[in-house]
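Note that these values count all heavy atoms, side chains included, but never hydrogens, waters or copies made by symmetry. The structure displayed is predicted, hence computed values, not measured ones. Convention: sequence-line order gives letters A, B, ...; per-chain numbering from 1.
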Number of protein chains: 2
Amino acid sequence: MSLPHAILTALLEKPSSGLELTRRFDKSIGYFWSATHQQIYRELGKLEQAGHIRALPAPVPVRGQRKEYEVLPAGRAELGTWVARTEDPKPMRAALLLRMRAAAVVGASGLRAELTRHLALHQEQLDEYLAIETRDFPSERRHSEPDRLRHLVLRGGIEMERFWVEWLTGALAELGTE
Amino acid sequence: MSLPHAILTALLEKPSSGLELTRRFDKSIGYFWSATHQQIYRELGKLEQAGHIRALPAPVPVRGQRKEYEVLPAGRAELGTWVARTEDPKPMRAALLLRMRAAAVVGASGLRAELTRHLALHQEQLDEYLAIETRDFPSERRHSEPDRLRHLVLRGGIEMERFWVEWLTGALAELGTE
DNA sequence: GAATCTTCTGCAACTAGTTGCACAAAGGGA
DNA sequence: TCCCTTTGTGCAACTAGTTGCAGAAGATTC
């Protein structure tokens with residue numbers, strides 16, 4: 001049940017409409033919790049129902065009209081308790097590792113191309129994260145607590161991508177010696 | 001659509017019944033593609049329907065009787081084409097990173113405990129992987145291709161857990177300086 | 001030989017996420 | 001003025017994964 005909390009976080013950072021949220025989920029929060037516009041609209045409905053957010057009053061409430069949402073105190077409280085909630089880590093799901101395991105059984109032909117492609121994608125993502133880091137967290141300054149936390153999150157993304165880049169590089173080298 | 005292929009891989013490694021598969025998914029393949037017994041039974045049904053596997057003939061086919069499955073040539077072929085299939089990496093889903101991002105907005109109280117707990121869990125998993133590595137892949141020997149691929153998969157798991165251990169350690173240190 | 005525990009299979013109903021499409025309104029052109 | 005694209009919201013139907021429960025068969029124990 002993370003999506004509603006992802007949305008609450010995003011809305012606290014800045015009140016937004018559904019489509020705006022969707023766009024922001026394509027970067028930033030969406031880097032580690034992605035969602036389609038469909039999920040977001042549905043969840044906004046539920047959150048409003050639950051009294052966690054409300055639509056800012058619009059002149060004419062009709063279908064197809066943009067609706068901006070803001071977080072209500074109840075929503076902020078909910079997010080607060082969720083942050084401290086206990087939840088076991090979900091076992092990872094790595095389709096590529098599964099594929100390689102299958103390749104060990106039926107042969108690795110054709111796998112190289114896919115590994116190469118993924119390596120490029122992960123390298124690209126890594127570069128993007130690094131660019132964000134130099135832009136948003138220039139080294140020397142003293143940062144506020146929220147900024148330090150956000151930086152930690154970004155570091156997580158960076159190291160995760162670095163892991164993939166390194167693993168894929170190693171795997172390709174290993175496959176190359178056939 | 002990875003689960004059917006995970007099952008095909010497991011069955012090729014060794015024909016099994018539903019419950020045996022479930023147990024094997026609790027380790028080994030399940031380390032990076034977990035599944036409940038429910039998913040597995042359902043998927044076995046579909047795979048049999050599709051002619052990819054078959055139940056070994058049992059004397060009395062009744063409910064509650066164990067059924068052992070083996071992969072048919074069509075199933076092996078399907079797995080072969082799947083290995084080489086192109087599929088974009090799914091964006092990662094890291095609830096902990098999301099939580100930390102939320103903490104940046106509503107305050108990090110209570111987060112420390114959860115981070116500490118996760119650190120212990122990931123450390124434990126890492127140790128388990130390392131134990132498997134020393135048991136199954138003693139360093140000096142020349143390994144066959146399938147073994148080298150399986151080792152690569154295991155290395156993936158190891159480095160992934162190491163990533164979490166390091167990130168969590170760093171995060172705790174950073175939070176500690178408050 | 002009856003009670004009960006374990007093993008194994010499975011149905012049903014749920015939550016979460018995805019895909020395809022529809023419809024309204026606004027802003028440009030031609 | 002009419003068409004067309006863009007922006008924004010949303011329904012419906014799907015796939016994937018989870019949870020709760022139940023029932024048959026065999027082993028165990030009293």
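Between the P atom of C:dG10 and the CD1 atom of B:Ile40 lies a distance of 13 Å, rounded to the nearest Å. The CZ-P distance, from A:Arg24 to D:dG8, rounds to 14 Å in whole Å. Between B:Glu43 atom CD and D:dA16 atom C1' there is a gap of 9 Å when expressed in whole angstrom units. The interatomic distance linking B:Lys46 (NZ) with D:dA16 (C1') rounds to 8 Å, in whole Å. When the P atom of D:dG17 is taken as reference, atom OH of B:Tyr41 falls 18 Å away, rounded to whole Å. If you measure from atom CE of A:Met1 to atom C1' of C:dT15, you get 10 Å, rounded to the nearest angstrom. At whole-Å resolution of the value, CG in B:Leu44 and P in D:dG17 are 14 Å apart. If you take CG of A:Leu3 and C1' of D:dA16, they are 16 Å apart, rounded to a whole angstrom.
Residues B:Ser2 and A:Arg93 have side chains that never bring a donor and an acceptor to within less than 3.5 angstrom of each other.
Note on B:Arg54 versus B:Glu48: no salt bridge recorded, every NZ/NE/NH1/NH2 to OD/OE distance being 4.0 Å or above.
Residue-level contact check: B:Ser17 touches the backbone only, with heavy atoms under 4.0 Å from sugar-phosphate atoms and none from bases.
Put simply, A:Arg93 has a side-chain N or O that comes within less than 4.0 Å of OP1 or OP2 on D:dG17. A sub-4.0 Å separation between OP1 or OP2 of C:dT18 and a side-chain N or O of A:Gln39 is present. Proximity of A:Lys67 to the phosphate of D:dG10: a side-chain N or O atom is located under 4.0 Å from OP1 or OP2. An OP1 or OP2 oxygen of C:dC8 is reached within less than 4.0 angstrom by a side-chain nitrogen or oxygen of B:Arg23.
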When you look at B:Glu20 and B:Lys14, which way does the salt bridge (charged side-chain N to carboxylate O under 4.0 Å, His left out) test go after all the steps? CA-CA 10 Å; B:Glu20 266 179 86; B:Lys14 177 174 178 320; 3.3 Å; yes

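Between D:dT9, C:dT18, D:dT18, one nucleotide has an atom nearer to the side chain of A:Thr36 than all others, and that is C:dT18. Picking from D:dG17, D:dA16, D:dG10 the nucleotide with the shortest atom distance to the side chain of A:His37 gives D:dG10.
Applying the 3.5 Å distance criterion, the base of D:dT15 shares no donor-acceptor pair with the side chain of B:Arg42.
By the rule that hydrophobic residues join a cluster once side-chain heavy atoms approach within less than 4.5 Å of another member, B:Val105 and A:Leu72 end up as members of separate clusters.
If B:Gly18 and A:Trp33 are placed on DNA chain C by their nearest nucleotide, the residue sitting closer to the 5' end is B:Gly18.
A side-chain donor-acceptor contact under 3.5 Å links A:Thr169 to the backbone of A:Val165.
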